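The structure appears below as structure tokens.
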Amino acid sequence: MTVIIDAQALQKNFRVAKRRPGIFGGLRSIVDPEVRIVSAVQDLSLQVQRGEMVGLVGPNGAGKSTTIKMLTGILTPSGGEIRVAGLTPIHQRRELSKRIGVVFGQRTQLWWDLPLLDSLQLLRHLYRVPEARHRENLKQLRVMLDLDEFIDTPVRQLSLGQRMRGDLAAALLHEPELLYLDEPTIGLDVVAKARIREFLLALNTQRSTTVLITTHDMDDIETLCPRILIIDHGRKLYDGAVKDIRTRFGGERTLIAVLDGSELARLAMLPSAEDGLATLPDLPAGVRLLKLDGPQIELGFGREALPAHELVAWLGARYTLRDVTFREPDIEDIIRRIYEKDLLLGDIGMPV
Amino acid sequence: MWRNLWEDLQLYQHLLVIQIKAQLQYKANLSLDIISYLGITGLEFVALLLYFVPFRTLLGWHVGEVAMLAAVMSLSFGLSELIGAGIDNFSVLINRGEFDRVLLRPVSAFVQVIGNDFRLRRLGRITQGMLAFALALHFLPALHWTFFKLLVLGIGIISGTIIFLSIVLLGATLCFWTVETTEITNILTYGSREMLSYPLTIYHQVLQRFFLFIVPVAFASYVPVCYVLERPLPFGLPAELALASPIVALLFALVSGWIWTFGVRHYQSTGS
């Protein structure tokens with residue numbers, strides 16, 4: 001395996017000028033700006049291997065787009081080193097752009113008033129792709145993305161899902177080794193999302209294209225990315241396998257128990273707390289009642305509180321149980337917890 | 001370098017074709033736009049001619065001569081509006097963040113920006129310019145034409161187009177620093193077009209120098225038209241200066257192109 005993205009100690013500071021109102025205020029702001037320094041990315045290191053699919057996650061304003069912009073050569077870093085596909089992005093931007101593809105979920109690069117096919121043809125000239133190669137790639141992408149049913153329709157008449165498929169084709173016609181996707185499934189319905197994910201997995205397997213995805217959709221991450229990078233306030237909070245994140249930062253698991261019908265009377269007599277929710281007497285420490293709905297009880301408990309089987313035993317000793325299931329915490333909840341508590345995970349070994 | 005230039009021109013041609021194709025999707029709309037634009041610009045021209053109802057001349061210039069000046073101005077300005085709409089709209093590209101996309105492609109950013117729009121409805125002003133030119137010829141039956149005069153006029157119009165495009169490019173470059181630039185550009189483009197539809201000599205010497213040597217819009221109309229009409233230039237400048245129009249235009253374009261490149265670099269360091 002070879003490294004395709006190698007960023008060391010990446011740094012970006014913005015000088016934010018306060019703008020004065022009006023034309024003359026604007027002119028004055030050019031000559032005599034009031035400046036504030038804002039650090040958008042701090043000491044961010046990142047290595048991606050060829051063929052990997054990596055999810056980049058973080059709240060709005062975390063520094064994801066700034067990072068992507070530096071990796072693509074649109075933005076000059078304030079500090080640090082970047083090599084992408086062996087090139088220095090800011091100095092070899094045009095060279096690099098032939099080898100990467102970028103899709104912004106919220107902005108299309110297709111020509112609004114023209115049939116999709118016209119845009120896809122024009123892109124050949126914008127990327128200087130040899131005609132035969134372009135034809136071959138277009139043929140493949142038409143099949144993989146099922147473009148034929150709407151390829152002659154003006155882009156403005158396409159559904160969001162169709163448009164996204166068109167945009168993916170547009171970004172891939174020059175056969176990039178590396179694909180950046182910014183919110184590729186935003187606003188799509190479930191079927192369309194599934195379709196895009198299926199395509200990306202196929203692309204990754206067939207062409208071994210490296211994919212870097214920023215998204216807020218945790219299903220994207222769970223289906224597509226074995227590895228996840230969590231960024232907040234311009235710093236890296238976590239870099240590692242998605243499956244590890246649960247065990248390490250699992251937060252609360254939920255035990256869902258269905259009690260025997262005969263217990264209903266007893267449950268009805270439980271004392272209520274101030275918030276109106278019933279309370280179970282003498283719950284073990286670290287366990288809390290989340291929900292009580294007829295015979296169904298949901299208990300949240302921390303991984304460190306007690307082993308799951310002990311909780312089941314505790315409950316079984318007091319009530320007649322009919323069924324017990326566990327729910328693992330949502331990755332989304334875990335990430336929220338990491339953001340909120342700002343757990344800086346410096347101690348986590350960097351997986352390669 | 002020449003190969004690059006050739007490829008850029010080809011790319012520009014492809015971008016134009018697609019723009020024209022897109023705009024021809026709404027033919028009725030387009031024709032209406034062209035006709036109304038012809039109407040508006042035609043009215044402007046008529047307003048200019050109205051001066052000659054009470055007065056016979058303007059500092060010695062007859063109605064036909066001023067009409068020729070205005071016609072030449074309309075032609076070069078109209079061409080620049082037609083070609084330069086993409087540059088003119090640059091602030092939209094910046095505000096929507098679409099300039100990032102431009103930088104993500106392996107071809108010239110300038111060609112992509114200028115090829116981003118080609119406004120066919122600006123044909124209205126060009127039509128007005130041609131009609132005005134015909135009218136000017138009608139008023140000037142005695143004018144002696146030579147091949148050289150035609151050449152000077154043609155080169156003058158093209159140079160004027162380049163000068164106006166450069167002004168718009170300068171305005172667009174300002175967008176890298178501040179959002180509110182259209183007004184400043186409009187003062188220079190619309191303002192100088194309006195002013196130089198009249199003989200340059202009616203203005204104060206400072207303004208005359210400004211339009212000759214700083215923002216050389218005078219080379220777009222006044223200088224070549226004086227050559228055609230065999231009129232003397234101000235400040236004792238030789239009539240042959242008309243031949244220098246393309247050089248002046250290219251110099252001006254070079255300066256604004258250089259500032260543009262500087263602006264792109266600034267954009268890359270600030271991301272705004």
Side-chain angles (χ1 to χ4, degrees), chain A residues 12 14-17 19-31 33 40 65-66 68-70 72-78 89-90 93-102 104 106-109 111-115 118-119 121-129 154 156 171 174 180, chain B residues 3-4 7-26 29-30 91 93 96-109 111-112 115-117 173-187 263-272:
Chain A
K12 183 69 201 179
F14 288 118
R15 293 156 53 90
V16 182
R19 188 162 284 136
R20 298 176 182 84
I23 305 175
F24 293 106
L27 274 178
R28 205 188 135 201
S29 298
I30 297 175
V31 185
S65 336
T66 307
I68 300 263
K69 282 184 182 180
M70 290 193 282
T72 49
I74 299 178
L75 200 59
T76 318
S78 312
I90 198 72
R93 171 173 57 82
R94 279 193 179 189
E95 188 55 38
L96 181 64
S97 65
K98 288 184 182 177
R99 300 170 59 176
I100 60 176
V102 184
F104 297 112
Q106 320 230 43
R107 284 181 253 145
T108 180
Q109 67 162 323
W111 277 256
W112 209 239
D113 289 326
L114 293 170
D118 286 14
S119 291
Q121 296 289 6
L122 184 61
L123 280 160
R124 175 166 91 74
H125 305 291
L126 282 164
Y127 281 90
R128 306 231 155 107
V129 185
R156 89 186 109 75
H174 58 289
Y180 295 101
Chain B
R3 186 161 160 257
N4 274 347
E7 284 183 339
D8 281 350
L9 279 174
Q10 277 186 316
L11 174 65
Y12 182 61
Q13 182 209 324
H14 288 297
L15 289 168
L16 279 198
V17 168
I18 208 156
Q19 281 299 332
I20 292 171
K21 207 168 156 187
Q23 286 172 44
L24 289 180
Q25 302 254 307
Y26 311 95
N29 201 340
L30 178 66
S91 61
L93 214 63
R96 291 201 193 141
E98 283 167 17
F99 190 61
D100 287 347
R101 170 61 69 193
V102 165
L103 291 180
L104 286 171
R105 292 179 181 142
V107 288
S108 150
V111 174
Q112 291 183 71
N116 190 42
D117 200 352
T173 308
L174 269 181
C175 289
F176 289 124
W177 284 273
T178 173
V179 185
E180 301 133 87
T181 59
T182 43
E183 288 309 315
I184 302 167
T185 323
N186 287 351
I187 291 170
V264 173
R265 211 165 304 143
H266 172 81
Y267 177 84
Q268 289 186 299
S269 67
T270 59
S272 56

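Numbered from 1 within each chain, the chains take letters A, B, ... in sequence-line order. Note that this is a predicted model, so its numbers are computed, not measured. Note: hydrogens, waters and symmetry copies are ignored here, and every other heavy atom, side chains too, is used.
Proximity to chain B (any heavy atom under 4.5 Å) is shown, for Leu96(A), by neither the backbone nor the side chain. Contact of Phe99(B) with chain A is not made at all, since no heavy-atom distance falls under 4.5 Å. Residue Asn116(B) does not touch chain A at all, counting heavy-atom pairs closer than 4.5 Å. Only the side chain of Gln112(B) comes within contact range of chain A, with at least one heavy atom under 4.5 Å from a heavy atom of that chain. Within the 4.5 angstrom heavy-atom criterion, atoms from both the backbone and the side chain of Leu126(A) approach chain B. Contact annotation for Gln23(B): neither backbone nor side-chain heavy atoms come within less than 4.5 Å of a heavy atom of chain A.
Contact count versus chain B (heavy atoms, under 4.5 Å) is highest, among Lys98(A), Glu95(A), Met70(A), Gln109(A), for Gln109(A). Highest contact tally toward chain B, considering only Arg156(A), Gln121(A), His174(A), is held by Arg156(A) [criterion: heavy-atom pairs under 4.5 Å]. Interface check for chain A: of the options Leu104(B), Val111(B), Asp100(B), the most heavy-atom pairs under 4.5 Å are formed by Leu104(B). Counting heavy-atom pairs closer than 4.5 Å to chain B, the top residue among Thr66(A), Leu122(A), Leu123(A) is Leu122(A).
Here the CD atom belonging to Gln13(B) is positioned 8.5 Å from the NE2 atom belonging to His125(A), to the nearest 0.5 angstrom. If you take CZ on Arg124(A) and CG on Leu11(B), they are separated by 11.0 Å, rounding to the nearest 0.5 Å. Distance check, rounded to the nearest 0.5 Å: CD1 of Ile90(A) to CZ of Arg265(B) gives 10.5 Å.
Under the 3.5 Å distance criterion, the side-chain polar atoms of Arg93(A) are matched with a main-chain donor or acceptor of Leu103(B).
Closest of all the heavy-atom pairs between Glu98(B) and Arg107(A) is N-NH1, 4.3 Å. Between Asp113(A) and Gln25(B) the shortest heavy-atom distance is O-OE1, 3.2 Å. Shortest non-hydrogen contact noted between Gln268(B) and Gly73(A) is NE2-O, 3.1 Å. For the pair Tyr267(B) and Leu75(A), the tightest heavy-atom approach, listed with the atom from each and the gap, is O-CD1, 4.2 Å.
You'll find the side chain of Arg101(B) reaches within 4.5 Å of the side chain of Val102(A), heavy atoms only.
Residues forming a salt bridge (charged side-chain N to carboxylate O under 4.0 Å, His left out) with Arg99(A) (at least two apart in sequence, or on another chain): Glu177(A).
One finds a salt bridge joining Arg128(A) and Asp8(B) here, because a Lys/Arg side-chain nitrogen approaches an Asp/Glu carboxylate oxygen to under 4.0 Å.
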